[in-house]
Amino acid sequence: MVDKEKVEQAVRLLLEGIGEDVNREGLIETPARIARMYSEICGGMDEDAGEHLKKTFTADNNEMVVEKDITFYSMCEHHMLPFYGKVHIAYIPDGKVVGLSKLARTVEVYARRLQLQEQMTAQIADALMEHLCPKGVMVMAEAEHMCMTMRGVKKPGSKTVSVVTRGEFEDNEKLQNLFFRMIGR
């Protein structure tokens, strides 16, 4: 749970620290706005992905299910700058499936935290393995990191790609290649 009062205090200190006048017309409401923003973009800290994944349906078809191009926005825990992109998820059911929107909601739970892309990718895969108990999971995240594009090395358009495999996907190059073909890579 975001402590809005502490965030507002911190923003005021930050503004003073960079030489701004916290009483300037354009900045008077900024601490409160930023506190509300952080409540939204870090709201995943209070969520449990298992809540989204607990409602499943019996399925006779145990072939690969893919949901691709799930847009996400997250915040780098090192610089507190945004990174954003797409997540692609595949899983092989073992008698039960989950509603497709629940996969996107699972991505949101982990994206809406101060985060590392590599960690987020693994957290999504592990949540699916734990709560759906599928035969296997594969998750790929592609993102542009503002800490690389607007500061530091300044390389706009560069993408970071992370891939995590679990279960039947781990050592099965044929399944992995099918996933990559299905997502258009």
Side-chain angles (χ1 to χ4, degrees), residues 1-3 7 37-57 59 62-149 158-173 175-180 182-185:
M1 177 93 147
V2 172
D3 184 332
V7 173
M37 176 191 73
Y38 272 96
S39 291
E40 180 181 340
I41 63 177
C42 292
M45 306 240 340
D46 299 325
E47 289 187 58
D48 175 9
E51 286 300 309
H52 299 295
L53 296 170
K54 68 182 178 182
K55 175 74 171 150
T56 59
F57 306 94
N62 289 317
E63 300 297 321
M64 187 187 315
V65 175
V66 175
E67 186 162 345
K68 66 180 194 170
D69 296 327
I70 303 167
T71 300
F72 76 92
Y73 299 91
S74 192
M75 294 286 280
C76 166
E77 67 183 36
H78 294 150
H79 299 98
M80 292 181 68
L81 286 171
F83 68 96
Y84 56 92
K86 307 273 186 192
V87 169
H88 316 286
I89 298 173
Y91 73 99
I92 300 171
D94 192 9
K96 61 183 179 177
V97 295
V98 68
L100 296 177
S101 70
K102 304 310 183 198
L103 297 175
R105 289 188 190 283
T106 300
V107 170
E108 282 298 301
V109 166
Y110 294 109
R112 291 178 50 218
R113 300 175 178 191
L114 293 181
Q115 193 58 279
L116 298 174
Q117 178 179 333
E118 301 88 342
Q119 177 178 275
M120 180 186 80
T121 308
Q123 288 170 333
I124 294 165
D126 291 341
L128 294 173
M129 287 299 289
E130 178 183 347
H131 298 288
L132 295 183
C133 302
K135 295 177 183 177
V137 169
M138 188 164 175
V139 178
M140 178 177 159
E142 306 172 273
E144 184 168 336
H145 293 248
M146 297 305 287
C147 56
M148 277 193 48
T149 63
S158 62
K159 295 260 190 332
T160 300
V161 178
S162 52
V163 177
V164 171
T165 57
R166 300 286 188 261
E168 288 189 10
F169 282 96
E170 285 184 81
D171 298 315
N172 191 326
E173 197 172 307
L175 274 178
Q176 292 174 16
N177 288 335
L178 177 59
F179 170 75
F180 288 128
M182 292 176 79
I183 65 169
R185 302 295 183 276

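- Between Met120 and Val87 the shortest side-chain heavy-atom distance falls below 4.5 Å.
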*Would Leu175 and Met64 satisfy side chain to side chain contact (heavy atoms under 4.5 Å, CB included), going step by step from the backbone distance to the final call?*
CA-CA 9 Å; Leu175 274 178; Met64 187 187 315; 3.7 Å; yes
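- Residue Met37 places its CE atom among more than 12 non-hydrogen atoms of other residues, nucleotides or ligands, all under 6.0 Å distant.
- The line from OG of Ser162 to NZ of Lys159 is 13.5 Å long, rounded to the nearest 0.5 Å.
- We find the CD1-CZ distance between Ile92 and Phe179 to be 11.5 Å, quoted to the nearest 0.5 Å.
- Of the candidates Leu103, Ile70, Thr121, Val139 forms a side-chain contact (heavy atoms from CB on, under 4.5 Å) with just one, namely Thr121.
- Listed by first and then second residue, the side chain to side chain donor-acceptor pair (under 3.5 Å) pairs involving residues 64-77 are Thr71-Lys86 (not counting sequence neighbours).
- Looking at residues two or more places apart in sequence or on another chain, you find a ring-ring contact (aromatic ring centres under 6.0 Å, His included) between Phe72 and Phe83.
- Listed for the Arg113 side chain is no donor-acceptor partner under 3.5 Å among the backbone atoms of Gly43.
- Between Glu108 and Tyr110 the shortest side-chain heavy-atom distance does not fall below 4.5 Å.
- Each side chain to side chain donor-acceptor pair (under 3.5 Å) pair with one or both residues in residues 96-106, not counting sequence neighbours, would appear here, but there are none.
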*What do the steps show when you test Leu53 against Leu128 for side chain to side chain contact (heavy atoms under 4.5 Å, CB included), and what is the final call?*
CA-CA 8 Å; Leu53 296 170; Leu128 294 173; 3.9 Å; yes
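- Distance check: Ile89 CD1 to Met140 CE gives 12.5 Å after rounding to the nearest 0.5 Å.
- Residues satisfying the side-chain contact (heavy atoms from CB on, under 4.5 Å) criterion with Pro82, sequence neighbours excluded, are Met75, Met146.
- Every side-chain contact (heavy atoms from CB on, under 4.5 Å) that His78 has, sequence neighbours left out, goes to Cys76, Leu116.
- In this structure, Glu51 contributes its side chain and Asp48 its backbone to no donor-acceptor pair below 3.5 Å.
- At distances below 3.5 Å, at least one donor-acceptor pair connects side-chain atoms of Gln117 with backbone N or O atoms of Ala141.
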*Between Glu170 and Gln176, does a side chain to side chain contact (heavy atoms under 4.5 Å, CB included) hold up when you go through it step by step?*
CA-CA 8 Å; Glu170 285 184 81; Gln176 292 174 16; 5.8 Å; no
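- Applying the side chain to side chain donor-acceptor pair (under 3.5 Å) definition to pairs two or more places apart or across chains, those involving residues 122-140 are Gln115-Gln123, Asp126-Arg166.
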